[in-house]
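Read the structure below first, then the notes.
Owing to the predicted nature of the structure, the values given are computational and were not obtained by experimental measurement. Position 1 is the first residue of the sequence; numbering continues from there. Order of listing sets the numbers, starting from 1, for every ligand and every atom in it. When reading the values below, keep in mind they use all heavy atoms of this one structure, side chains included, and skip hydrogens, waters and symmetry mates.
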Amino acid sequence: MYFTYEQPEFDRKDPAEIRRVIKEAYLVGKDAAREGKVADYIPELAKADGNDFGICVKTLDGEAIEFGDVEKRFSIQSISKVINLAVSLKFMGFQETFAHVRMEPTGDSFNSILKLDTVDDHPFNPMINAGAIQVMSVLSNVFEFEELLEFARNFCMDNDIELNEKVYRSESETGDRNRAITYLLKSKGVLQGDPDKTLDMYFRMCSLNVNARSLANMGLILANGGQNPYNGKHIIHPAYIRVIKSLMYTCGLYDESGEYGVLVGIPSKSGVGGGIIGAVDNLYGIGTYGPALNQKGNSVGGISAMQHMSHLLHLNVFY
Ligand code: GLU
């Protein structure tokens, strides 16, 4: 983590300068990734190569500025929580969605069970496991996995997104903590759907195979008020997009969300598969891939690259 208020002088509108900074961010991220460690609590994720790093920045007019491992597929993991929330808001509405889950950051780890049992029966927010499982319990009464997959493909402008069977099986075999969360929610009378179907759909959504490009596309739709800028299709209402981005900003990086908000300031969501998605309003969708994680479960390279770009290109929402 570094902080500086010094700003080099250059033309921030010049495409060549923008490209230069994004390339630098890639190099900074690739270097920083050496400090991290790939996730191993889901055995299949331990097979990732911690040296991999890629960054894709998509612009509204269709340009892709990208470096490194941008085609490599990896599992979306927690970034699917953004998709689940988007589906819930779009089809259930605001009131129904937040009748079942709150909107507060926890300061606890992504898979914590603590506050659920001691502070409130309802999960704190949809960006942590308990909250995403709760959202999924509502969705599981109305949707099948294939329908959510179709929505994910549209959101990511990527028809090649498939379920990674190996990750799904590995996750489902070892997901005892998520099972504990689900059954705790059931014991409190809060869970809305069948626990096993809920968990199955939650695990499947975490196991979607994406790449940095698909994440950048999804970031772009978030940055563009819910509209696909290339075909004009409205995916999600702009009012819901504001809700989603606010929750990404306050809760998107687990118990590192506050620090990331201060140092990067881009609504983002991370996943333990190594992805980070970022949405820079009316400008960019950003996807990074670097499976080497820090202790909070966030991509070390991804955070460093995001910070570099945000600082030099003035992408912080409060700039
Ligand atoms: N599938 C992972 C889990 O539930 C998602 C965690 C993450 O990416 O933070 O443990």
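The Gly271 neighbourhood of ligand 1 comprises atoms 8 (O), with distances under 4.0 Å to a heavy atom of that residue. Listed by number with element, the atoms of ligand 1 under 4.0 Å from a non-hydrogen atom of Phe110 are 6 (C), 9 (O), 10 (O). Of all the atoms in ligand 1, the ones that sit under 4.0 Å from a non-hydrogen atom of Tyr202 are 3 (C), 4 (O), 5 (C). Counting the atoms of ligand 1 from 1 in the order shown, those under 4.0 Å from a heavy atom of Glu171 are 1 (N), 2 (C), 3 (C), 4 (O).
Residues meeting the side-chain contact (heavy atoms from CB on, under 4.5 Å) test with Thr174, sequence neighbours left out: Pro43. For Tyr249, the ring pair (Phe, Tyr, Trp, His ring centres under 6.0 Å) criterion is met by Phe318, not counting sequence neighbours.
Counting heavy atoms closer than 4.0 Å to ligand 1, residue Asn129 contributes side-chain atoms (C-beta onward) but none from N, CA, C or O. Contact annotation: for Cys206 versus ligand 1, heavy atoms closer than 4.0 Å belong to the side chain alone.
The protein non-hydrogen atom at the shortest distance from atom 7 (C) of ligand 1 is Ser78 OG, 2.7 Å. Regarding atom 5 (C) of ligand 1, its nearest protein heavy-atom neighbour is Gln77 OE1, 3.3 Å.
At under 3.5 Å, a nitrogen or oxygen of Val272, whether backbone or side chain, sits near a nitrogen or oxygen of ligand 1. At least one N or O atom of Asn178 sits closer than 3.5 Å to an N or O atom of ligand 1.
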- From CA spacing to verdict: salt bridge (charged side-chain N to carboxylate O under 4.0 Å, His left out), Lys245, Asp281: CA-CA 10 Å; Lys245 281 188 293 203; Asp281 268 5; 2.5 Å; yes
- Starting from the C-alpha separation in whole Å, work towards a yes-or-no answer on salt bridge (charged side-chain N to carboxylate O under 4.0 Å, His left out) for Asp160 and Arg213. CA-CA 12 Å; Asp160 295 330; Arg213 273 184 197 152; over 6 Å; no
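In the model, Glu24 has a side-chain atom that pairs as donor or acceptor with a side-chain atom of His308 under 3.5 Å. Checking Glu44 against Asn164 by side-chain atom types alone, no donor-acceptor pair falls below 3.5 Å.
Atom CE of residue Met201 and atom CZ of residue Phe145 lie 8.0 Å apart, to the nearest 0.5 angstrom. With rounding to the nearest 0.5 angstrom, the OH atom of Tyr289 is 11.0 Å from the CG atom of Leu215.
Across the listed options Tyr254, Tyr41, Tyr168, Tyr41 owns the non-hydrogen atom lying nearest to atom 3 (C) of ligand 1.
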